[in-house]
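Right, one structure below, let's go through it.
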There are 2 protein chains.
Amino acid sequence: MLKISELAAKTGLSAHTIRFYEKHDLIRASERSEAGYRYYNDSDIRRAEFVKAARNIGFSLEDISQLLSIRVDKTSHSCQEVTDITQHKLDEVNEKISELESMQNTLQILLKSCCGGPEKATHCSIIEALEAGAVVKDRGAA
Amino acid sequence: MLKISELAAKTGLSAHTIRFYEKHDLIRASERSEAGYRYYNDSDIRRAEFVKAARNIGFSLEDISQLLSIRVDKTSHSCQEVTDITQHKLDEVNEKISELESMQNTLQILLKSCCGGPEKATHCSIIEALEAGAVVKDRGAA
DNA sequence: GTTGACCTTAGAGTCAACTCTAAGCTTATA
DNA sequence: TATAAGCTTAGAGTTGACTCTAAGGTCAAC
């Protein structure tokens with residue numbers, strides 16, 4: 001049985017974050033001491049580690065909430081539900097990557113075009129490019 | 001001279017956003033009608049388009065604020081100041097891309113490992129991987 | 001027996017960049 | 001002239017994931 005600071009040390013989450021996750025039903029402390037201190041058993045610890053692993057991969061708390069409800073009752077859920085969540089996350093990640101690569105590209109071009117020296121910025125090609133509307137791609141309603 | 005909705009149409013920003021940018025000193029309306037309506041002249045419009053271009057590339061409002069102060073007094077600033085801002089942004093973008101690629105990688109591995117079918121999730125390999133601590137990389141204090 | 005580290009709670013604050021609301025003028029159109 | 005579209009303001013709300021605060025109770029060590 002671990003106290004909250006011990007669970008924090010074990011998972012790499014802060015005690016604050018653990019309480020915050022509890023409020024959102026992601027982590028539970030099966031027991032409490034008489035004084036109200038949280039105590040985490042093995043099952044609680046595994047659940048907390050599951051949450052941390054999912055978080056590291058980039059799943060949102062909402063995603064994790066769904067994954068947890070699958071985890072606690074595996075026979076009522078299919079693999080497809082799990083892959084749907086995972087695929088959806090991958091789609092999001094892929095989209096963000098392309099947005100960022102587009103920015104990366106433009107930034108690299110801008111950097112190459114500019115001397116970057118102590119010269120006055122009077123004819124700075126980066127400023128000029130922005131004035132000319134150095135358009136990459138409108139990120140729209142993303 | 002354009003009214004706010006016309007500037008909005010021209011730049012692709014919303015009127016709300018234009019007012020919001022004004023509050024943050026990014027965009028100005030050089031004139032106002034007697035009733036208080038904003039009117040944008042050519043210089044205002046170019047400034048607004050500069051802001052939009054910089055925003056599309058991914059610069060923060062804070063970055064843009066700096067770029068604008070260079071733009072309005074180019075002789076007091078050097079190209080190096082501009083490339084510093086740009087390089088810093090590129091570094092940020094590069095870091096986010098690697099984080100996302102790490103997530104992408106893990107998600108792809110997870111998806112490949114799972115049947116994704118209508119089978120019960122009893123032995124779902126994605127859930128199992130998360131239980132085993134499918135660690136990618138701690139995103140730390142980023 | 002007292003310091004200091006640790007725990008509790010409810011609730012507020014943070015960040016960035018919007019986005020919206022309410023209440024009330026102004027202007028253009030039919 | 002009436003209606004609708006458009007403009008004004010200050011200020012509040014949104015999103016997601018924390019992060020911190022205040023005020024106080026608990027526990028281990030010296």
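First the proteins, then the strands, lettered A, B, ... as listed; each starts at 1.
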Exercise. Do other residues, nucleotides or ligands put more than 12 heavy atoms under 6.0 Å from B/K74 NZ?
Worked result: yes
Exercise. For residues 112-122 of chain B, which residue pairs qualify under salt bridge (Lys or Arg N to Asp or Glu O under 4.0 Å), counting only residues two or more places apart or in two chains?
Worked result: none
Problem set entry | Short side-chain N/O contact to D/dC18 OP1/OP2 from A/Y21, under 4.0 Å | yes
Exercise. Rounded to the Å, how far apart are A/R19 CZ and C/dT8 C1'?
Worked result: 7 Å
Problem set entry | ring pair (Phe, Tyr, Trp, His ring centres under 6.0 Å) partners of residues 8-30 of chain A, not counting sequence neighbours, each pair once | A/F20-A/H24
Exercise. More 5' along DNA chain C: B/S14 or A/A15, using each one's nearest nucleotide?
Worked result: A/A15
Exercise. Closer than 4.0 Å, any side-chain N/O of A/R32 to the OP1 or OP2 of C/dT9?
Worked result: yes
Seminar exercise, completed: Those residues at least two apart in sequence (or on a different chain) that pass side-chain contact (heavy atoms from CB on, under 4.5 Å) with A/S69 are none
Exercise. Can you pull the salt bridge (Lys or Arg N to Asp or Glu O under 4.0 Å) pairs that have at least one residue in residues 85-94 of chain A, sequence neighbours excluded?
Worked result: A/K89-A/E92
Problem set entry | Counterpart residues, salt bridge (Lys or Arg N to Asp or Glu O under 4.0 Å), relative to A/E101 (two or more places apart) | none
Problem set entry | Donor-acceptor pair, side chain of B/R55 and main chain of B/F59, under 3.5 angstrom | yes
For this session: Please write out which residues are connected to B/Y39 in a hydrophobic cluster, directly or through intermediates, given that two of Ile, Leu, Val, Met, Phe, Trp, Tyr count as joined at side-chain heavy-atom separations below 4.5 angstrom.
Result: B/M1, B/Y37
For this session: Please list, chain by chain and in numerical order, all residues satisfying salt bridge (Lys or Arg N to Asp or Glu O under 4.0 Å) with B/E81, sequence neighbours excluded.
Result: none
Problem set entry | Overall bend - the helix from C/dG1-D/dC30 to C/dA30-D/dT1, comparing terminal axes fitted on five pairs, nearest 10 degrees | 10°
For this session: Using whole Å, report how far CG of A/L26 lies from P of D/dG16.
Result: 14 Å
Exercise. Whole Å only: how far is the CD atom of A/E6 from the P atom of C/dC6?
Worked result: 11 Å
For this session: For D/dT9, take OP1 and OP2 only and decide whether either is under 4.0 Å from a side-chain N or O of B/R38.
Result: yes
Exercise. How does each nucleotide of nucleotides 21-30 of chain C score, in 5' to 3' order, for protein heavy atoms under 4.0 Å: base (B), sugar-phosphate only (S), or none (-)?
Worked result: B----BS---
For this session: May I ask you to evaluate whether A/R55 reaches the phosphate of D/dC18, defined as a side-chain N or O under 4.0 Å from OP1 or OP2?
Result: yes
